[in-house]
Amino acid sequence: MTLFQAQSESQLQLMDAAARLKGRSLWQDAAERFSKNKAAMGGVIVLGLIAIMSIVGPMISPYTLEDLSWESIGIAPTMENSHWFGTDDTGRDMWVLTWMGARVSLTIGVMTTFIALLIGVAYGATAGYVGGRTDNLMMRFVDVLYALPLLFFIIILVTVFGRNIYLVFVAIGCVEWLTMARIVRGQTLSVKRKEYIEAALASGVRTNTIIRRHVIPNVIGPVIVYVTLLVPTNILVESYLSFLGLGVQEPLTSWGVLISRGANALETAPWLLLIPATFLAITMFCFNFIGDGLRDALDPKDR
Amino acid sequence: METVLALQHLTVRFDTKDGSVAAVNDLSLSVGRGECIGIVGESGSGKSQTFLASMGLLAGNGKATGRALFRGHDLLKMNRDHLDKLRGNRVCMIFQDSGTSLTPHMRIGDQLMEILIAHKGHTPDVARKRVLEVMESMRIPDIEKRLTQYPHEFSGGMRQRVMIAMALLCEPDLLIADEPTTALDVTVQAQILNLFRALKAHTKSAIVLITHDLGVVAGLCDRVVVMYGGRMVEEGPVADIFATPKHPYTQGLLRCMPRLDQLLDADLDAIPGQPPNLENLPKGCAFAERCSQANERCTTERPVLRELSPTRRAACHLLEAA
Amino acid sequence: MLTFALKRLAIAAPTLFFVVSLSFFLMHLAPGGPFDADANLEPQVIENLKAAYDLDKPLFQQYLIYLGKAAQGNFGPSIIYQDRTVSQLIATGLPVSLRIGLAAIFIAGLLGISMGIFSALRQNQRIDYVVMGVAMTGIAVPSFVLAPLMTLLFGVIFRLLPIATLEPSGGLARAVPALGPMVPYILPVIALAIPQIAIIARLTRGAMIEVLRQNYIRTARAKGMPEKRVVWRHAVQAGLLPVVSYLGPAIAGIVTGAVVVESIFQLPGMGRFFIQGAINRDYPLVLGIVIIFAAAVILMNLIVDLLYGVLDPKVKVDG
């Protein structure tokens with residue numbers, strides 16, 4: 001290691017320390033702003049409750065999905081015999097079904113977003129970091145995909161490979177990474193132009209180190225915001241698929257499946273639609289509030 | 001001399017998350033017909049906000065109190081329709097940031113002509129003639145073609161000249177120019193200053209020149225107002241201020257000015273320290289922290305503006321003792 | 001402007017080709033064929049069927065044959081609707097889908113932009129919160145929830161609008177006969193437009209608030225322009241740019257939404273054929289519809305790009 005390299009290395013470390021110091025207070029600021037945002041905090045709490053209920057909800061009820069009987073078909077929500085959300089047209093308890101559905105819907109939302117996150121970050125960071133013609137080509141490809149109705153590809157994938165829940169995960173994740181890639185690329189590009197990165201490059205700091213230490217911390221803010229908006233989008237996509245009969249299959253259930261069944265029985269048993277639809281809508285609200293709150297907290301210039 | 005603009009106890013406050021901040025405090029001044037007044041101060045001294053407030057152009061969280069009388073009518077209490085008849089017509093303002101101050105999706109010609117169409121009731125053809133006339137005096141080459149272009153096709157200096165042309169179209173009674181020549185090179189700057197001089201002499205416009213360039217002030221202004229931390233700290237005729245500055249801040253400003261009669265390697269005296277934080281102004285004199293002559297009284301009691309002579313005012317405890 | 005348009009066109013053509021190829025190979029990647037489920041058929045019959053649909057040839061040859069035929073607008077025979085070709089099905093479905101889709105885009109743009117501007121001009125006032133609350137609800141309540149509810153309300157309870165038919169019937173059609181053939185489309189169009197109205201309204205509001213804070217708006221006010229002119233001449237055009245760039249994804253969203261809405265309202269549009277085809281593995285049908293939908297989306301994106309060029313003078317120079 002040359003003297004110059006050693007010097008700039010230590011200089012970099014200094015700047016790094018400074019950046020981390022500043023970074024920490026930035027995150028603290030953001031956390032404080034976020035915690036003052038009532039809608040966003042409300043979203044976090046309600047969403048937390050729904051998540052907890054999706055785990056413990058079915059255990060609270062005295063019924064399981066196997067408890068079917070002629071007497072219990074199409075009961076409206078009642079406190080009397082513990083069918084708090086009523087029963088469906090086959091006599092299954094809606095309370096249990098709703099929380100089981102929540103479990104699947106939330107899991108799918110999170111898992112697919114995670115897949116989209118992996119692909120999007122890898123793709124966007126590569127394009128932004130490598131730059132030049134590669135970047136141009138990669139982003140053109142994203143432009144092309146953007147122009148397509150991607151739900152169709154999910155539907156093709158699902159029809160071709162059979163209807164299986166893991167495939168639904170992968171299919172949604174594989175098509176919903178485009179915006180993520182764009183965001184990550186944009187941030188990477190802007191970070192790359194910063195002088196301290198140029199200094200690091202000039203003094204031969206390894207690419208991996210630069211990406212890990214400088215690029216990722218700067219990219220993370222907008223990515224977090226987008227993630228909170230992508231989870232509800234993906235929950236919706238799954239619901240669309242399930243509604244069309246192409247998503248989650250019985251005996252598994254999701255809010256989309258329940259809404260689909262509820263829609264068919266709307267005239268006689270409106271609660272079959274209204275209950276899962278309400279929870280779906282509340283979840284959408286929560287994620288959107290959290291996303292808006294995070295954006296305001298991380299980017300205070302909009303205030 | 002007829003007074004064109006009189007500010008009386010003008011205070012501008014902004015609501016922020018951390019409470020209310022006063023950008024301008026209890027400011028009173030006046031400009032007469034055919035007079036040019038220079039407003040001098042560092043950024044954040046409140047010099048721009050004073051006149052944005054007078055024009056009714058404060059940001060949404062800003063609020064102005066006091067009075068801003070234009071020919072006897074209070075601009076601060078005027079309704080929007082009345083204000084729109086004056087703004088751009090009798091009272092014009094030139095902004096400094098020409099890169100963002102022109103509408104990006106409108107042709108330059110349209111942005112200029114709409115002023116005449118709105119205020120003078122000109123037809124587009126008549127308006128175009130007048131626009132060409134003013135642009136010609138700005139020495140903009142190839143004007144006819146230029147008028148059909150968009151702001152991003154203009155250079156910074158060109159855009160600044162368009163901004164100035166906008167303000168001159170209607171030959172206003174009051175022209176407020178916020179750093180009008182900062183972005184221009186020296187020859188263009190001289191042309192523009194000549195235009196201002198002509199406006200002052202022939203149209204008898206009152207001119208307010210907001211600047212930190214004391215050279216421009218010396219060349220054009222009759223009187224100077226020095227602002228610091230949202231308050232006026234000194235006022236007087238331009239020759240007197242340059243010859244015998246009274247306030248330590250004014251003295252400091254003048255010492256910072258490069259002079260041709262000084263040796264090149266003679267150090268310029270920068271004023272030490274930082275401009276004051278408006279959110280947290282000291283109890284005493286805002287300048288005390290940076291003032292080499294400050295005493296205990298300066299840090300505890302705020303000096304009031306006192307008349308030193310019929311034409312001069314200053315706010316400093318030291319002048320009282322002398 | 002012309003070169004800009006040509007450049008966009010040069011991207012659109014390969015995009016369509018890419019879509020056709022990707023869909024084709026995806027469809028044929030799958031194990032099993034459309035006739036496997038029908039165990040009652042004699043092996044010889046299956047062989048004959050496969051030959052009729054070109055399924056007995058090597059994949060790449062099938063691909064070339066398909067490309068050649070598709071270029072002439074021939075997407076082959078449908079498998080589930082055995083007496084009709086895919087082209088015939090598309091010919092019956094496309095007008096229905098097109099009417100719903102275009103009407104929904106038009107309404108979404110008009111209402112969304114109006115709501116957004118209205119809200120932005122009243123930022124942080126109570127009415128702004130109300131409008132944005134409504135918009136948020138539009139995003140949170142998906143069309144497959146809205147559609148059945150609206151059907152129940154307007155079709156079953158009030159009997160105002162027809163359900164699951166393209167025949168004009170119901171109270172509204174009787175009361176205002178002039179509406180005639182438009183009546184059956186009202187509910188589907190509303191169901192399709194609502195989420196997009198909501199997104200566009202939020203987008204427009206944000207962009208307008210940002211624009212109204214710009215220096216050039218201050219300049220316009222300083223020039224004595226009345227507020228109406230400040231908003232409509234100096235602000236709106238810049239505020240619409242993000243909305244125009246969103247129109248691309250919006251169109252994709254409307255096309256996919258149409259699939260769901262047609263299924264719910266049981267309208268004989270392309271979306272319904274698509275789902276039928278997908279569930280029954282009707283390759284030619286699914287493929288044909290994907291191509292038509294993709295072509296429509298690409299075409300609309302082309303128009304959106306050109307519109308952007310008109311709204312933003314800087315594009316002309318760069319393009």
Side-chain angles (χ1 to χ4, degrees), chain A residues 39 140-141 143-163 178-179 229 232-233 235-237 239-246 255-256 259-260 262-267 270 273-274 276-278 280-289 292 295 301-302, chain C residues 11-12 14-15 18-19 22-23 26-32 136-137 139-149 151-152 156-157 195 206 209-210 248-249 251-260 263-264 274-275 277-281 283 286-287 289-290 293-294 296-298 300-302:
Chain A
R140 242 323 115 65
F141 182 65
D143 287 346
V144 167
L145 291 185
Y146 242 115
L148 307 175
L150 290 170
L151 187 68
F152 282 35
F153 281 89
I154 303 177
I155 291 176
I156 293 180
L157 283 176
V158 173
T159 38
V160 167
F161 293 104
R163 296 163 211 164
L178 298 175
T179 308
L229 298 175
T233 308
I235 292 178
L236 265 189
V237 171
S239 305
Y240 267 101
L241 287 175
S242 294
F243 184 85
L244 295 170
L246 295 166
W255 283 337
I259 290 170
S260 170
N264 293 326
L266 190 54
E267 281 173 60
L273 172 82
L274 290 177
T278 306
L280 180 66
I282 291 174
T283 307
M284 296 292 120
F285 268 118
C286 289
F287 274 111
N288 276 302
F289 284 146
D292 284 357
R295 194 186 48 218
K301 89 168 187 256
D302 255 16
Chain C
I11 298 172
T15 307
F18 173 79
V19 175
L22 183 68
S23 321
L26 268 180
M27 290 298 292
H28 289 78
L29 215 62
M136 190 79 127
T137 314
I139 292 173
V141 181
S143 54
F144 55 81
V145 172
L146 272 178
L149 287 177
T151 309
L152 180 68
V156 179
I157 298 178
I209 287 174
E210 189 65 38
I251 289 160
I254 289 217
V255 167
T256 47
V259 175
V260 177
S263 298
I264 297 172
F274 179 69
I275 295 301
I279 290 173
N280 297 301
R281 290 199 172 182
Y283 294 143
V286 169
L287 212 48
I289 291 176
V290 167
F293 269 146
V297 169
I298 290 168
M300 293 300 281
N301 272 300
L302 197 66

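Side chains of A:F285 and C:T137 form a contact here, defined as non-hydrogen atoms less than 4.5 Å apart. A heavy-atom distance below 4.5 Å is found between the side chains of C:I264 and A:F243.
Among C:P14, C:P148, C:A147, the residue with the largest count of heavy-atom pairs under 4.5 Å with chain A is C:P148. Taking chain C as the reference chain and counting heavy-atom pairs below 4.5 Å, the highest number among A:T278, A:D292, A:I282, A:T283 is found for A:D292.
Heavy atoms closer than 4.5 Å to chain C are found in both the backbone and the side chain of A:S239. Neither the backbone nor the side chain of C:I209 comes within contact range of chain A; no heavy atom of the residue lies under 4.5 Å from a heavy atom of that chain. Looking at C:V260, both its backbone and its side chain come within 4.5 Å of chain A, counting heavy atoms on both sides. Contacts of A:F287 with chain C are absent, with no heavy-atom separation under 4.5 Å from either backbone or side chain.
Note that CZ of C:F144 is 9.5 Å distant from CG of A:L273, once rounded to the nearest 0.5 Å.
Considering every non-hydrogen atom in both A:L274 and C:L149, the closest pair reads CD2-CD2, 3.9 Å.
Residue C:I139 is tested with A:N288, A:L236, A:T233 for a side-chain contact (heavy atoms from CB on, under 4.5 Å); the sole match is A:N288.
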